[in-house]
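Residue numbers begin at 1 in each chain, while the letters A, B, ... track the order of the sequences. All of these numbers come straight from a predicted model, not from anything done at the bench.
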Amino acid sequence: MVRVRFAPSPTGNLHIGSLRTALFNWIFAKHNKGSYILRIEDTDSLRSKKEYEENILEGLEWLGLHMDEGPEINSKYGPYRQSERFNTHIYSEYVEKLINSGCAYYCFCTDEELELERDAAQKKNITYIYSRKCLNQSREEVKKKLESKKSYTVKFKVPQSGTLSFIDLIRSEIKFDLSLISDFVLLKSDKTPSYNFAVVVDDMLMNITHVIRGEDHISNTPKQICLYNAFKVKTPHFAHLPMILGPDRSKLSKRHGATSVNEYREKGYLKETLLNYLVLLGWSAPDNHEILSINEIIKLFSLDRISRSGAIFDITKLNWMNGQYIRKMDAATLADNIKPFIAKDFTDKISAYPAEKLERIIYSFHEKLVLLTDINNLLPVYIYSMEDYKIMISQFDFSSEEKDIICSFRNELSMVDMQDLSAAKLNNILKNIQTSKGGGKGRVLKPVRFACSAEKTGPDLIEFLLITGKETLLERLNYCIDNTLT
RNA sequence: GGCCUCAUCGUCUAGGGGUUAGGACACAUGGUUUUCAUCCAUGUAACCGGGGUUCGAAUCCCCGUGAGGCUACCA
């Protein structure tokens, strides 16, 4: 049974990079019919905030990456917040085991002392290794210091020599020289577990089979493997994902602009787009198809098709893909998706519209939309008042020929029964005018569009005319003919 | 600095001993369309460098170079 986890620390909103890590874990679990576990790594009490946790949870929910186990869904493996696990004393229990087996020891060194050691190593251009000053203290010494309430940490005793290697499922074998790995902190002086210690204890106790995480964790892996060894427990499989990069090829961060999933959601990116795009940053389908539903992705997914090099987050392609997904939607779906994005200024005006009309208006733009919020730049063409129209049309200059065409159109339109106003009818009228005037279609359709909408571009003209309706059109056309100069 | 990872069009990638090095985004040109957009067609554009191994290397090995990550009592 495959068990994977996504373990964010709630020190910020859900980030594009962490989302992709979550996504790969989730897909891997689904592909293998395993469990996807969410664990909150909130041992850093200074930086962790409840609101961030909520943001992360909410974001993942929105994207449909539902957890099988986690803070909200408990099981025998819980609790799923490290702060809560801390209260059950599991970390101190496991630290004790390591101390008793001689794999860990108390360290009373002060920050200043350690700083000095580190500086010295830096000066000599060698890897910093803790001096192990505190390793060989007698029991009495330790006891005395503990009783005197001296501040301490517990450190892990890393085996001093040999090579440690592990098989990374994406990169194959990775080797480390143990003599270059320093003893590291297990328990901080505030008695909370360090990251490297907490992950191992939790992954071990939660029976995690595959650790899928960012490449930035490769250098933590040997330390963690040492811990598994000390506990005499089999290590999980490791897979280190390539980084997501900003345009300057450094790790994607805030200074590259929008990185929180929130921002993308608010701008009107669809969850399908985000999921599809993100999975393509590092993974590709066997047939190289790119537009894939989440179910197709789950079916086709495998770790060995993940690439090893970092990938730049390219907003242009993301935009293209969002447009693709929007164009695939039917009118009702598009309307449902887009309504929440319509600006307040417009919602009042359109609230009176029957649902079908609004749906039709929205759909008339479906080929122009890249982001759902784009609707607010397009919508005005349908909701100008007569006053708005007058101001806008005054900026147009029509030639006498154009005015002639506008007149013909007005005359023909006025003779059509309201009930008979159809796409075919309008097409017919426009075609007839075109035939009588000669020249291309544009010659007729452009002035008609200008006169009817006071805009140079917009949705499909026929659709626009039908939606706007004969009454409004005639009012506008009459005004246009009477008030614009030739 | 040390350790680790990575290296195919501008970007995301396929290909992993013999390919006209393929696709997608972007860009350019043309076509359809009333315009913009969409859509369609075409085009420009890549194997980091040097050594090996081999009949043959983008592909395997080594060395450079470049980029990134880690180097905390953060995660």
| query | From the list B/C73, B/A75, B/U5, which nucleotide is the closest neighbour of the side chain of A/Ser9? | reply | B/A75

| field | Verdict with supporting geometry, A/Thr221 and A/Arg213, side-chain contact (heavy atoms from CB on, under 4.5 Å) | value | CA-CA 11 Å; A/Thr221 310; A/Arg213 68 217 320 185; 3.3 Å; yes

| With a non-hydrogen cut-off below 4.0 angstrom, is A/Thr316 in contact with a base, only sugar-phosphate, or nothing? | sugar-phosphate

| said: Base, sugar-phosphate or nothing for A/Asp168? Non-hydrogen atoms, less than 4.0 Å. | reply: nothing

| Can a side chain N or O of A/Lys188 be found less than 4.0 Å away from OP1 or OP2 on B/A72? | no

| task | Measure distances between side-chain N and O atoms of A/Arg449 and base N and O atoms of B/U35, and say whether any donor-acceptor pair falls under 3.5 Å. | result | yes

| said: Can you work out whether A/Trp283 or A/Gly458 has the more 5'-proximal nearest nucleotide on RNA chain B? | reply: A/Trp283

| query | Within the modelled atom types, does a donor on one side and an acceptor on the other bring the side chain of A/Gln122 and the base of B/G2 under 3.5 Å apart? | reply | no

| query | B/C3 and B/C63: how far apart are their P atoms, nearest whole angstrom? | reply | 13 Å

| said: Please report the distance, rounded to the nearest Å, between CD1 in A/Ile174 and C1' in B/C6. | reply: 11 Å

| task | Name the closest nucleotide to the A/Asn125 side chain, picking from B/G69, B/G1, B/G22. | result | B/G1

| task | Using the C1' atom on both, measure B/A24 against B/A45 and round to a whole Å. | result | 14 Å

| task | For the side chain of A/Lys251, starting at C-beta, report the closest nucleotide among B/G69, B/C73, B/U11. | result | B/G69

| said: So A/Leu280, base contact, sugar-phosphate only, or nothing? Heavy-atom distance under 4.0 Å. | reply: sugar-phosphate

| query | Of the nucleotides B/A75, B/U35, B/A37, which has the atom closest to the A/Tyr195 side chain? | reply | B/A75

| field | Interatomic distance at P, B/G15 relative to B/U29, whole Å | value | 34 Å

| field | Residue A/Arg249, side-chain atoms from C-beta onward, closest of B/U11, B/A75, B/U13 | value | B/U11

| query | What is the nucleic acid contact for A/Cys109, judged by heavy atoms within less than 4.0 Å: base, sugar-phosphate only, or nothing? | reply | base

| said: Can you tell me if A/Gln324 touches the phosphate of B/C39, counting only side-chain N or O atoms and a distance under 4.0 Å to OP1 or OP2? | reply: yes

| query | Considering only the P atoms, how many Å lie between B/U54 and B/A67, rounded to the nearest integer? | reply | 35 Å

| message | Just the rounded figure in Å: distance from P of B/C4 to CZ of A/Arg213. | response | 18 Å

| A/Lys97 NZ/CZ over A/Tyr94 ring centroid, <6.0 Å and within 45° of normal | yes

| Does B/C74 have OP1 or OP2 sitting under 4.0 Å from an N or O in the side chain of A/Thr11? | no

| said: Taking B/A26 as the reference, what is the distance to B/U20 when you measure between their P atoms (whole Å, please)? | reply: 30 Å

| request: Pick base, sugar-phosphate or nothing for A/Asn288, based on heavy-atom distances below 4.0 Å to the nucleic acid. | output: base

| In whole angstrom, what separates A/Asn220's CG from B/U5's P? | 15 Å

| said: Under 3.5 Å, is there any donor-acceptor pair linking the side chain of A/Lys317 to the base of B/A24? | reply: yes

| query | Phosphate oxygens OP1/OP2 of B/G16: is one of them under 4.0 Å from a side-chain N or O of A/Arg305? | reply | no

Side-chain donor-acceptor pairs under 3.5 Å in residues 158-166 of chain A, sequence neighbours left out?
{"from": "A/Gln160", "atom 1": "OE1", "to": "A/Arg132", "atom 2": "NH1", "distance (Å)": "3.4"}
{"from": "A/Ser165", "atom 1": "OG", "to": "A/Glu173", "atom 2": "OE2", "distance (Å)": "3.0"}

| said: So A/Arg47, base contact, sugar-phosphate only, or nothing? Heavy-atom distance under 4.0 Å. | reply: base

| field | Listed nucleotide nearest any side-chain atom of A/Asp44, set B/C74, B/C39, B/C4 | value | B/C74

| Given RNA chain B, 5'-ward residue of the pair A/Ile306 and A/Leu180, judged by closest heavy atom | A/Leu180

| message | Could you tell me how far apart A/Asn13 (CG) and B/A75 (C1') are, to the nearest whole angstrom? | response | 16 Å

| said: Does A/Glu115 reach a base, just sugar-phosphate, or nothing at all? Heavy atoms under 4.0 Å. | reply: nothing

| Heavy atoms under 4.0 Å, any strand shown: does A/Asp460 hit a base, just sugar-phosphate, or nothing? | base

| For A/Tyr80, is the NZ or CZ atom of A/Arg39 found under 6.0 angstrom from the centre of its six-membered ring and inside 45 degrees of the ring axis? | no

| Partners passing side chain to side chain contact (heavy atoms under 4.5 Å, CB included) against A/Glu367 (at least two apart in sequence or in another chain) | A/Arg327

| Roughly how many Å is it from CD1 in A/Ile291 to P in B/C12, rounded to a whole number? | 18 Å

| said: For A/Val200, is there any backbone N or O sitting under 3.5 Å from a side-chain donor or acceptor partner on A/Asp203? | reply: no

| task | Give A/Gly323 one of three labels, base, sugar-phosphate or nothing, depending on what nucleic acid heavy atoms sit under 4.0 Å from its own. | result | nothing

| What is the nucleic acid contact for A/Glu290, judged by heavy atoms within less than 4.0 Å: base, sugar-phosphate only, or nothing? | base

| query | Between A/Lys223 and B/C4, is there a side-chain N or O to OP1/OP2 distance below 4.0 Å? | reply | no

| C1' gap between B/G30 and B/G22, integer Å | 24 Å

| request: Kindly give the heavy-atom pair with the smallest separation between A/Ile393 and A/Ala451, and that separation in Å. | output: CD1-CA, 4.1 Å

| task | May I ask you to decide if A/Gly469's main-chain N or O and A/Thr472's side chain share a donor-acceptor pair within less than 3.5 Å? | result | no

| ring-ring contact (aromatic ring centres under 6.0 Å, His included), paired with A/Phe156, selected from A/Tyr105, A/Phe184, A/Tyr106 | A/Phe184

| request: With the side chain of A/Glu215 defined as its heavy atoms from C-beta on, choose the nearest nucleotide among B/A26, B/U5, B/C3. | output: B/U5

| request: Could you tell me the separation between the CD atom of A/Gln434 and the P atom of B/U34, rounded to a whole number of Å? | output: 8 Å

| request: Grab the NE2-C1' distance between A/His15 and B/A75 for me, whole Å please. | output: 14 Å

| field | N/O donor-acceptor pair, side chain A/Arg308 with base B/C6, under 3.5 angstrom | value | no

| request: Would you verify whether the NZ or CZ of A/Lys267 falls within 45 degrees of the ring axis of A/Tyr264 while also being under 6.0 Å from that six-membered ring's centre? | output: yes

| task | Report yes or no: is there a donor-acceptor pair, N or O only, under 3.5 Å between the side chain of A/Ser219 and the base of B/C70? | result | no

| said: Need one value for A/Lys123: base, sugar-phosphate or nothing, where a base atom within 4.0 Å counts as base even if backbone is also close, heavy atoms only. | reply: nothing

| request: From the options B/A37, B/U11, B/C4, select the nucleotide whose nearest atom is closest to the side chain of A/Asp314. | output: B/U11

| request: Remember a base hit wins even if backbone is also touched, and classify A/Lys446 as base, sugar-phosphate or nothing at under 4.0 Å, heavy atoms. | output: sugar-phosphate

| Across the strands shown, which category fits A/Tyr277 at heavy-atom distances under 4.0 angstrom: base, sugar-phosphate, nothing? | nothing

| task | Can you tell me the distance, in whole Å, between the OH atom of A/Tyr128 and the C1' atom of B/C4? | result | 20 Å

| said: For the C1' atoms, the ones on B/C47 and on B/A58, what distance do you get once it is rounded to whole angstrom? | reply: 4 Å

| Distance test, side-chain N/O of A/Ser284 to OP1/OP2 of B/A14, below 4.0 Å | yes

| What nucleic acid atoms does A/Thr43 come within less than 4.0 Å of, heavy atoms only: base, sugar-phosphate, or nothing? | sugar-phosphate

